[in-house]
Amino acid sequence: MSFAEILQRPVWQIADAIAKGQVSAVEVVKASLDNIERHRALGAFLTTQPERALHVAEHVDAARARGEALGTLAGVPIGLKDPICTKDVPTTAASKILTTARRSTTDPELDPERGFRPPYSATVTSKLEQAGAVVVGKCNMDEFAMGSSNENSAFFPAKNPWDPTRTPGGSSGGSAVAVAARLVPCSLGSDTGGSIRQPASLTGTVGVKPTYGRVSRYGLVAFASSLDQIGPFATDVRGAARVLKTIAGADAKDATSARVEVPDYEAACGKSIKGLKVGVPEEYFSEGIAPEVEKSIREALSTLQSLGCELRPIHLKTTRYAVATYYIVATAECSSNLARFDGVRFGFRAPGKGDLASLYSATRGAGFGAEVKRRIMLGTYVLSAGYYDAYYLHAQRVRTLFKRDFDAAFQEVDVIAAPASPTVAFKLGEKVNDPLAMYLADVYTLPASLAGIAALSVPCKPAPATVNHPELPIGLQLMGPAFSEEKLFSAAWAFEQTCPPRTPPPTTV
Ligand code: GLN
């Protein structure tokens, strides 16, 4: 097996090859770093840490040589979404405000290498490192995870390897591109309202948004704390299962992490899904869905049926309120979470006129991008006296209705199958000046986030090439009750056997 070829393989095969000594961890990590370098133009990574990564890989190889038992991800290169803290490694959340201060100017340094270096690692980072995984770099994203196209990155957009004139989706766009282009076999993203599932769908990768509380958020730069969840991207379902198993579990450092035992998700891959009741929500096939997406999802549903699943039409009547509800709750929480970026404690500082208030406003004015400012303003408004009841409180009540809607559906069915995104990857620049159109692209992923349930996206039949575009990926979204990830993995794995992972054509950028 050549070193370049190794990265075409899924996570579990790479780990296996390293454990058996067929390839060394150093060789795999070098192949990954090489690929990242060669595909810089895709914009998948903000920073890489080659020395640190090779050092970890050498440790793995040495442990193997000594005959020690290796972790389940030993030697496997992984990319982390930028807001996932890694001790001493730049962490910017793709924002100017977390780049190092040039205290005498009003313009921050635009260099992610100069980013804030956290003095500690996120729980997920530590867990990955304990399992022997090798963090090769930090992935590009929309600033503070706000966006659906990766174009809100303060640095540069990420490009879709299937068609580099198109977006890979967002906000975890870089994490998705890194896996789709086989720069790494797996990565972590965060999903607040779809930021793992939508880019997974648009890049032909597997992306999992775990149940709220399944994975510790300790060390994740917060966007909307009641919605944020970290989850894996991988080239295949079993790879994603292995990574989730590694990062999941209760954590004393995150009070919202759940004390629920972590099952063996990998063992769920391969289990029969005969008799599984699959709900098909009518509301996810309404106006706005692109015909090629509907066609592919309907085909995927027939495939599930031929695998022995029982399809049942269901209703999720709250779906039409998802965009309005989410953009109240998420903006409210972000206005509060982002208050900490004030020019005093982290990163960039613009001096203002010498008093504290003008230091705050000069720093925040120059440090945040347009979308982040828009959301802070919206969030401050919906939380303000007089409007709190009408907007924020109301949205929280509607959120309960989402949960009830799903609870009722899960009385009838085991899982719900639907599209993850209403369209295939759209053109870079197409929606940047139309925030509402961008928000509407999230309509199929927001409900599961609002209800806190488990969901994933697995590639189904792509949209065939037309005069306007090459072949483009489409993702089937599977949703299940809280802590039902095993069921989702079983269904996704069985489906994947009928629709194996595809790799994008050699990139032209
Ligand atoms: N696209 C949604 C937003 O812009 C979701 C983002 C996310 O999940 N982080 O808020």
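Source: prediction; values computed, not measured.
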Under a 3.5 Å distance rule, please check whether Asp191 uses its side chain to pair with a backbone N or O of Ile196 as donor and acceptor.
yes
Go through the structure and list residues passing salt bridge (charged side-chain N to carboxylate O under 4.0 Å, His left out) with Lys295, not counting sequence neighbours.
Glu299
Those residues that, when tested against Arg399, pass salt bridge (charged side-chain N to carboxylate O under 4.0 Å, His left out) (two or more places apart):
none
Kindly indicate whether the side chain of [X], heavy atoms from C-beta on, has any atom under 4.5 Å from the side chain of [Y].
| X | Y | answer |
| --- | --- | --- |
| Ser190 | Leu220 | yes |
| Thr165 | Leu428 | no |
| Cys269 | Arg242 | no |
| Asp442 | Val323 | no |
| Lys461 | Ile474 | no |
| Tyr392 | Glu333 | yes |
| Phe45 | Leu183 | yes |
| Val372 | Ser95 | no |

Taking the six-membered ring where the residue is Trp, are the ring centres of Tyr120 and Tyr218 under 6.0 Å apart?
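Yes, they do, as the ring centres are separated by less than 6.0 Å.
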Centroid separation Phe144 to Phe341 less than 6.0 Å:
yes
Please round to the nearest 0.5 Å and tell me the distance separating atom [atom1] of [X] and atom [atom2] of [Y].
| X | Y | atom1 | atom2 | value |
| --- | --- | --- | --- | --- |
| Thr91 | Lys138 | OG1 | NZ | 3.0 Å |
| Arg375 | Thr380 | CZ | OG1 | 13.5 Å |
| Leu436 | Tyr327 | CG | OH | 9.5 Å |

Evaluate the ring planes of Tyr326 and Phe223, with Trp represented by its six-membered ring, and classify them as parallel (under 30°), tilted (30 to 60°) or perpendicular (over 60°).
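It falls in the perpendicular class, over 60°.
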Decide yes or no on side-chain hydrogen bond (donor to acceptor under 3.5 Å, both in side chains) for Ser257 and Asp251, but give the supporting numbers first.
CA-CA 6 Å; Ser257 68; Asp251 179 11; 5.7 Å; no
NZ/NE/NH1/NH2 to OD/OE distance under 4.0 Å, Arg52 and Glu129
yes
Scan Asp405, Thr400, Thr325 and name whichever one has a side-chain hydrogen bond (donor to acceptor under 3.5 Å, both in side chains) with Thr318.
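The side-chain hydrogen bond (donor to acceptor under 3.5 Å, both in side chains) with Thr318 is passed solely by Asp405 among Asp405, Thr400, Thr325.
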[X] and [Y]: which non-hydrogen atoms are nearest, and at how many Å?
| X | Y | result |
| --- | --- | --- |
| Ala448 | Arg197 | CB-NH1, 3.6 Å |
| Ala454 | Ser484 | CB-OG, 4.2 Å |
| Lys159 | Ala41 | CD-O, 3.6 Å |
| Val11 | Pro185 | CG2-O, 3.6 Å |
| Ser153 | Asn140 | OG-OD1, 2.9 Å |
| Ala451 | Phe406 | CB-CD1, 3.5 Å |

side-chain contact (heavy atoms from CB on, under 4.5 Å) between Leu244 and Val215, worked out:
CA-CA 8 Å; Leu244 181 60; Val215 177; 3.8 Å; yes
Partner of Arg340 under side chain to side chain contact (heavy atoms under 4.5 Å, CB included), chosen from Val344, Asn337, Asp342
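Option passing the side chain to side chain contact (heavy atoms under 4.5 Å, CB included) with Arg340: Asn337.
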NE2 (His394) with more than 12 external heavy atoms under 6.0 Å
no
Go through the steps to decide whether Met438 and Ser149 satisfy the test side-chain contact (heavy atoms from CB on, under 4.5 Å), and finish with yes or no.
CA-CA 8 Å; Met438 196 73 97; Ser149 70; 3.3 Å; yes
Carefully, step by step, assess Thr503 and Arg182 under the rule side-chain hydrogen bond (donor to acceptor under 3.5 Å, both in side chains).
CA-CA 8 Å; Thr503 39; Arg182 305 296 190 260; 5.3 Å; no
Might you work through the side-chain contact (heavy atoms from CB on, under 4.5 Å) test for Lys427 and Asn468, ending with a clear yes or no?
CA-CA 11 Å; Lys427 287 266 188 191; Asn468 296 321; over 6 Å; no
Given side-chain hydrogen bond (donor to acceptor under 3.5 Å, both in side chains), test Ser171 with Lys81 step by step and report yes or no.
CA-CA 9 Å; Ser171 65; Lys81 190 177 184 178; 2.8 Å; yes
Would you check, one step at a time, whether the test side-chain contact (heavy atoms from CB on, under 4.5 Å) holds for Arg502 with Glu471?
CA-CA 11 Å; Arg502 304 158 88 94; Glu471 177 183 308; 2.8 Å; yes
